[in-house]
Amino acid sequence: MKTYTFLLIEDNEGDVLLMSEALEESGIPFRLIGLQTGQEAIDKINQFDQSELPDLVILDINLPVKNGFEVMREIRNNPKTAALPVMILSTSSNQEDRRKAGQFQPKLFYTKPSDFGEFPALVEAIVSILPKELEK
Amino acid sequence: MSKKLSTEHKLKPAIELNSEFGNSFQFAAIGMALVNQDGRWIAVNTSLCKILGYSEEELQSLTFQDITHPDDLEKDLEFAKQLINREIDSYQIEKRYIKKSDQPIWINLTGTAIWNEDGSFRYFIAQIQDISLRKEALERLADRERLFRSIFNSTFQFIGFLDKDGVLQEANQTALDFAGIKLEDVAGKYFWDCYWWQISKETQEKLKYSVERAAKGEFVAYEVEVWGRNQVPSTIVFNLKPVFNAENNVLALIAEGRLIQDIVETRNELIQKNQELEQFTSIASHDLREPLRMMKSFGELLQRNYSQKLDEKGIKYINMMVGATRRMGNLIEDLLRYSRLGNDLTPLEEVSVADLLSEIKGLYGELIDEKNATLRYGNLPVIQGRRLPLQLLFQNLIGNALKYQAPGNLPLISIEVEDVGSFWKFSIADNGIGIDKKYLEDVFSLFKRLHTNQEYPGTGLGLSLCKKIVYQHGGEIWIESEFGKGSTVYFTIKKQ
């Protein structure tokens, strides 16, 4: 089974830890790269070779300095990463945020779980958007 | 003197008393007299004697100068002179005589002259009409005019009269002082070209259009910013009222304005404060939610994965903690919902109450089944309102009716509606635990709770939310209840 690489851009340590716990409990083989700011994420993505690119970028919107929208814009503007699957993880189900994110064509816009019991559903959602040919 | 006069009279009888003309002179309804060049009354008729209170003889011993009010003498003499000089053929003036009783009396005098055959002056003919009643009436009218003008000028309202084309005829002192202008500056101009309205082209255009509408008989009212003194903008409530004549055609327009700058400022302050408060609540709730999510999630992880490593007490502590975070989560959600209602500017729509109820029944399906509850309602109207808040309103009230039940009781909830003129009056009655009379007022206050979380969990925001929604729909909400027997919540929704 393939080991998936997830790039989680999230400034809340707790969420990173919870995500990691939830993925572990799901049994999917994974590698989680956690980054805390938008700038760090952009730098990291630019460093990657084509082969090193993650299978999915999981992006929070409320990030310090450069927010999630700006990170997405940079990802989409870079030919190397333009087609990278991105999932937005937001604290609010705010319509305005959803609309704004839409222009960058994220694979999924997901509202952060309010407790750990909702994490399995999140993981399921993540699995459902992973590239098909890599699933098996 | 008097002897000489009577001799003259006899020598040259002025009027043949028994002739037809003599009779018509003597008994004419208005006062008539012949007056010589000096002003002496040569012949006077009965009516004139009656008007002045003198006998014929008494008058014949006097001149008109003797009994003319001193203030009116000069102009009468001037006209008489012109008549003698043949500069005019006749004259008519209003003047006062002094009656025998010393009372002044207003009369209308028409003076003409008779000439001798040789062209020399012979007599004045005076026709004298008592106009004291008319004068009194005019005086009273003038008093009333003064009274109304003082009201017109001293009222706090701005008032103006326009003709039906919109030309300003008059404006009261309040309106003029407010702008620091004089009537001459504006009278005779189109109202929209007058100083107050020059604040902007749009304001002028709107007024012009409103005048057109009012001239067709419509009452027009709106709030508008106009120029006060030194071009300082002030908000007024303005209206145009058509005045109709007997044929029901528009005769003129009354323009009226009332300064509401204070109200507008207070209102704006209030709106701003409200927005700040809503923002604060919303931000606070969002930021509170973040750490709470962590506490809850890690608490649950502890519960799930580490229970075997804890003793009974440890497990209890964690359970308490997780329970508390869950309650706080509910509280924050309700607060958020409450604050969001305040900035709901969505337009009104048609909402079918029956559809709302079936949706809510679906939502509470499990609870209704579990408690074996009955929801009863007949025909329900389609009302004008905001769908989501209205759903929340019914949802909260029905939720309460389901929740506040004695254990084992079968909940019976009936929803009724009554058409009361400009309102719909709804009632939601239950057979629940009821509310003690002394708390009936309090239950709509924010965070007011009457029960522990062990008995009936809740945030204390539900009815506050209901109250806010009902107020937003122009209605009232109240509760009647009998402790131990059940409660009925009534609320009204304004028909739009």
Side-chain angles (χ1 to χ4, degrees), chain A residues 8-28 30 32 34 36-38 58-64 67-69 87-101 109-126, chain B residues 275 278-309 315 318-347 386-388 392 457 459:
Chain A
L8 175 60
I9 306 154
E10 167 67 69
D11 61 326
N12 187 337
E13 281 177 295
D15 271 322
V16 179
L17 187 52
L18 287 171
M19 180 67 97
S20 154
E21 290 278 346
L23 286 169
E24 235 164 63
E25 285 192 10
S26 75
I28 313 172
F30 73 99
L32 187 69
Q36 296 212 339
T37 71
I58 304 169
L59 187 59
D60 184 19
I61 287 181
N62 292 320
L63 293 168
N67 68 21
F69 299 122
M87 164 181 183
I88 302 279
L89 205 53
S90 165
T91 35
S92 75
S93 49
N94 191 320
Q95 285 302 316
E96 178 63 17
D97 281 357
R98 194 178 282 262
R99 196 186 54 74
K100 261 188 178 165
F109 187 101
Y110 203 92
T111 307
K112 277 187 188 173
S114 63
D115 59 44
F116 193 72
E118 292 173 13
F119 264 90
L122 169 59
V123 172
E124 236 171 78
I126 290 172
Chain B
Q275 277 170 348
E278 273 155 20
Q279 239 167 3
F280 173 80
T281 320
S282 168
I283 289 169
S285 309
H286 269 123
D287 291 354
L288 284 174
R289 205 142 65 151
E290 202 45 40
L292 192 69
R293 259 179 352 102
M294 293 299 119
M295 282 164 64
K296 215 164 127 189
S297 297
F298 286 108
E300 281 165 0
L301 269 178
L302 266 176
Q303 256 177 337
R304 254 188 32 206
N305 300 344
Y306 292 86
S307 287
Q308 66 277 19
K309 295 197 175 157
I315 292 170
I318 292 176
N319 288 348
M320 296 289 279
M321 194 185 85
V322 171
T325 54
R326 192 165 293 138
R327 281 200 302 282
M328 188 163 167
N330 290 339
L331 198 61
I332 290 170
E333 290 308 318
D334 272 4
L335 258 181
L336 262 178
R337 217 172 274 148
Y338 186 85
S339 73
R340 275 194 212 114
L341 279 183
N343 47 36
D344 189 354
L345 293 172
T346 50
R386 299 188 177 90
R387 169 174 287 277
L388 278 177
L392 209 55
T459 59

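This is a predicted model, so every value here is computed, not measured. Order of the sequence lines fixes the chain letters, A, B, ..., with proteins taken first and strands second; residue numbering starts at 1 for each chain.
- A:Glu21 touches chain B through its side chain: at least one heavy atom from C-beta onward sits under 4.5 Å away, while N, CA, C and O do not.
- For the atom pair B:Met294 CE and A:Leu17 CG, the distance stands at 9.0 Å (nearest 0.5 Å).
- Atom CD of A:Glu25 and atom CZ of B:Arg304 lie 4.0 Å apart (nearest 0.5 Å).
- Looking only at side-chain heavy atoms (C-beta outward), B:Arg293 and A:Asn12 come within less than 4.5 Å of each other.
- How far CD of B:Glu300 is from CZ of A:Phe119: 10.5 Å, rounded to the nearest 0.5 Å.
- Heavy-atom minimum distance, A:Gly14 versus B:Phe298: O-CZ, 3.6 Å.
- Within 6.0 Å of CD on B:Glu290 lie more than 12 heavy atoms contributed by other residues, nucleotides or ligands.
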